[in-house]
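Model, not experiment: these values are computed from the prediction. Residue numbers start from 1 in every chain, and the chains themselves are labelled A, B, ... in the order their sequence lines are given, proteins ahead of strands. All values below were derived from every heavy atom in this structure, side-chain atoms included, with hydrogens, water molecules and symmetry-related copies excluded.
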Protein chains: 2
Amino acid sequence: MDSLPNNIPDCTFFFLAKAHQKAHSLLKKRLIQYGLTNMQHLILEGLWYQEGATAAELGKLLILDKATLSGIIDRLDEGGWIEKRLDKNDKRSFRLYPSEKANVIKDELIDVRKKGNDLLLADFTMEEKIIFKRLLRTLFLKR
Amino acid sequence: MDSLPNNIPDCTFFFLAKAHQKAHSLLKKRLIQYGLTNMQHLILEGLWYQEGATAAELGKLLILDKATLSGIIDRLDEGGWIEKRLDKNDKRSFRLYPSEKANVIKDELIDVRKKGNDLLLADFTMEEKIIFKRLLRTLFLKR
DNA sequence: AAAAACTCCTTTGTATACGAACAAATAATT
DNA sequence: AATTATTTGTTCGTATACAAAGGAGTTTTT
């Protein structure tokens with residue numbers, strides 16, 4: 001029998017949670033100075049990637065629950081990071097655009113994320129980085 | 001120039017968040033029938049692994065914030081999953097033990113987690129599983 | 001032994017997550 | 001066209017996360 005029958009250290013759920021925790025923390029530290037949370041930053045990049053998207057479209061792109069998105073969009077709006085424009089064809093929804101305030105530091109914000117990424121995987125070889133991302137992608141795209 | 005200059009799909013932060021989201025969701029579905037959340041289940045396994053641990057010790061073992069732990073332990077206690085016994089040597093803390101109710105389905109609960117793990121990585125080859133876990137571990141143990 | 005430093009846990013405030021229920025609007029069906 | 005089904009976004013309730021501050025107990029210093 002195993003000396004560690006209930007070996008939590010070999011639990012992928014645990015590993016994933018902790019790796020995510022670490023990554024989240026790393027980026028959070030670099031975004032705090034802008035007054036942005038990780039999720040707010042992600043939505044903003046999503047909008048730069050797809051300007052004028054609706055909340056529903058963003059939810060699909062970023063795999064986010066609509067209830068969660070609702071709150072994040074509210075806070076981005078309150079913070080002056082985005083603009084909500086009513087959709088003329090669909091009175092239920094509105095189109096979202098990064099604000100001028102956001103656009104001014106767009107490159108800087110994206111760079112923070114990119115450099116954070118590099119730092120996060122700094123100890124991996126190029127091959128490991130590629131494999132790692134492939135496996136993560138396989139995992140979350142599953143089914 | 002890249003056709004996807006702000007390529008969110010190549011962001012490890014995003015991948016990790018989504019892989020974790022998927023894993024969390026998978027286990028959550030299997031624990032809901034017991035009335036346990038993923039985190040409550042993790043704490044419980046931690047206690048089986050280290051009975052009589054204090055909240056501080058659990059925090060170190062599972063890399064959890066003490067404030068977060070406080071609430072989870074409360075709910076585990078309210079649900080009758082654990083027992084809190086005052087520490088005789090240190091009046092600030094208490095020792096935690098899985099309750100009889102928890103012990104009765106211990107093997108079953110651990111099996112849910114193990115089978116969930118297997119399912120999560122079902123599409124990976126044995127080699128990929130090992131590499132994946134090694135990389136995740138390297139990542140969250142960093143620094 | 002008294003003061004200072006430290007540790008344990010709780011509480012508060014803010015920000016995700018997400019299921020469930022809802023109102024309003026739009027699309028599909030009959 | 002009227003009914004039904006679906007979609008969009010909000011709100012509510014519960015459960016993490018975690019920084020920050022506070023109270024009580026312990027340990028270390030002086």
Side-chain angles (χ1 to χ4, degrees), chain A residues 13-14 16-29 31-33 35-43 53-60 62-79 81-82 84-96 140, chain B residues 13-14 16-29 31-43 53-60 62-79 81 84-96 140:
Chain A
F13 291 124
F14 181 71
L16 263 174
K18 293 308 145 186
H20 170 249
Q21 184 183 46
K22 170 79 81 174
H24 186 272
S25 166
L26 190 158
L27 185 57
K28 181 180 181 180
K29 281 185 180 61
L31 287 178
I32 188 76
Q33 58 180 310
L36 280 170
T37 65
N38 296 27
M39 209 43 59
Q40 289 166 9
H41 180 279
L42 178 65
I43 305 298
T54 63
E57 289 166 354
L58 273 180
K60 269 167 203 154
L62 305 176
I63 316 178
L64 284 172
D65 188 86
K66 60 189 174 185
T68 303
L69 248 178
S70 199
I72 301 174
I73 288 175
D74 274 353
R75 288 183 284 281
L76 275 172
D77 192 28
E78 286 163 16
W81 296 103
I82 62 172
K84 296 165 82 164
R85 301 182 200 160
L86 286 175
D87 187 311
K88 299 200 163 70
N89 300 71
D90 190 335
K91 293 177 187 170
R92 290 169 303 182
S93 54
F94 37 76
R95 300 272 158 199
L96 303 173
F140 80 76
Chain B
F13 291 124
F14 180 71
L16 263 174
K18 293 308 144 185
H20 170 249
Q21 184 184 47
K22 170 80 80 175
H24 186 271
S25 165
L26 190 158
L27 186 55
K28 182 181 182 181
K29 281 185 180 62
L31 287 178
I32 190 77
Q33 57 180 310
Y34 298 98
L36 280 170
T37 66
N38 297 28
M39 209 44 59
Q40 289 167 9
H41 180 279
L42 178 66
I43 304 298
T54 63
E57 288 167 354
L58 274 180
K60 268 167 204 154
L62 304 176
I63 316 178
L64 284 171
D65 188 87
K66 60 192 172 185
T68 302
L69 248 177
S70 200
I72 302 174
I73 288 175
D74 274 354
R75 288 182 285 280
L76 274 173
D77 193 28
E78 287 164 15
W81 296 103
K84 296 166 81 164
R85 300 181 200 160
L86 286 175
D87 187 311
K88 300 204 163 73
N89 299 71
D90 190 334
K91 293 176 186 170
R92 291 170 302 181
S93 54
F94 36 76
R95 300 273 159 197
L96 303 173
F140 80 76

**Student:** Could you check how far CG of B:L16 sits from C1' of C:dT16, rounded to whole Å?
**Tutor:**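 So the two atoms are 17 Å apart, to the nearest Å.
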**Student:** Between D:dT26, C:dT10, C:dC9, spot the one nearest the side chain of B:A56, thanks.
**Tutor:**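 The closest nucleotide is C:dC9.
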**Student:** For B:L31 and D:dA15, what is the distance between atoms CG and C1' respectively, to the nearest whole Å?
**Tutor:**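 The answer, rounded to whole Å, is 14 Å.
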**Student:** Could you tell me whether the side chain of B:I43 reaches within less than 4.5 Å of the side chain of B:W81, counting heavy atoms only?
**Tutor:**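 No, every pair of side-chain atoms sits at 4.5 Å or beyond.
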**Student:** Send over the distance from B:F94 CZ to C:dC8 C1', rounded to a whole Å.
**Tutor:**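 The answer, rounded to whole Å, is 9 Å.
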**Student:** Can you check whether A:K91 has a side-chain N or O nearer than 4.0 Å to OP1 or OP2 of C:dA23?
**Tutor:**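 Result: no.
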**Student:** Contact between B:E57 and B:R95 at the side-chain level, heavy atoms closer than 4.5 Å - yes or no?
**Tutor:**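 Yes, their side chains come closer than 4.5 Å.
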**Student:** To the nearest Å, give me how far apart CG (B:D90) and C1' (C:dT7) are.
**Tutor:**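 Taking CG of B:D90 and C1' of C:dT7, I get 8 Å after rounding.
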**Student:** Can you give one letter per nucleotide of nucleotides 16-24 of chain D, going 5' to 3': B for a protein heavy atom under 4.0 Å from the base, S for sugar-phosphate only, - for none?
**Tutor:** BBBBB---B
**Student:** Mind listing the closest non-hydrogen atom pair of B:I72 and B:Q40 along with its distance?
**Tutor:**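 Heavy atoms only, the tightest pair is CG2-CG, 3.9 Å.
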**Student:** What I'd like to find out is whether the side chain of B:R75 reaches to under 4.5 Å of the side chain of B:T37, using heavy atoms alone.
**Tutor:**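 Not in contact.
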**Student:** Can you tell me how far C1' of C:dA25 sits from CG of A:D87, to the nearest Å?
**Tutor:**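 Between C1' of C:dA25 and CG of A:D87: 12 Å.
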**Student:** Could you check if a side-chain atom of A:L64 sits within less than 4.5 angstrom of a side-chain atom of B:K18, using non-hydrogen atoms only?
**Tutor:**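 Yes, their side chains come closer than 4.5 Å.
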**Student:** May I ask you to say what B:N89 touches in the nucleic acid, namely base, sugar-phosphate or nothing, with a heavy-atom cut-off under 4.0 Å?
**Tutor:**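 The residue B:N89 makes sugar-phosphate contact but no base contact.
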**Student:** Should B:L26 and A:F13 count as side-chain neighbours, where that means a heavy-atom distance under 4.5 Å?
**Tutor:**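 The answer is yes, as the side chains (C-beta and beyond) meet within the 4.5 Å cut-off.
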**Student:** Nearest-Å distance, CG (A:L58) to C1' (D:dT7)?
**Tutor:**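 In whole Å, D:dT7 C1' and A:L58 CG are 16 Å from each other.
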**Student:** Would you tell me if any nitrogen or oxygen in the side chain of B:S70 comes within less than 4.0 Å of OP1 or OP2 on C:dT10?
**Tutor:**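 Looking at the OP1 and OP2 atoms of C:dT10, one of them is under 4.0 Å from a side-chain N or O of B:S70.
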**Student:** Mind calculating the distance between CD (B:E78) and P (D:dA15) to the nearest angstrom?
**Tutor:**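 From B:E78 CD to D:dA15 P: 8 Å.
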**Student:** Grab the CD1-P distance between A:I73 and D:dT8 for me, whole Å please.
**Tutor:**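 Distance, rounded to whole Å: 13 Å.
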**Student:** Closest heavy-atom contact between A:L96 and A:K84?
**Tutor:**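 For A:L96 versus A:K84, the nearest heavy atoms are CD2-CG, 3.5 Å.
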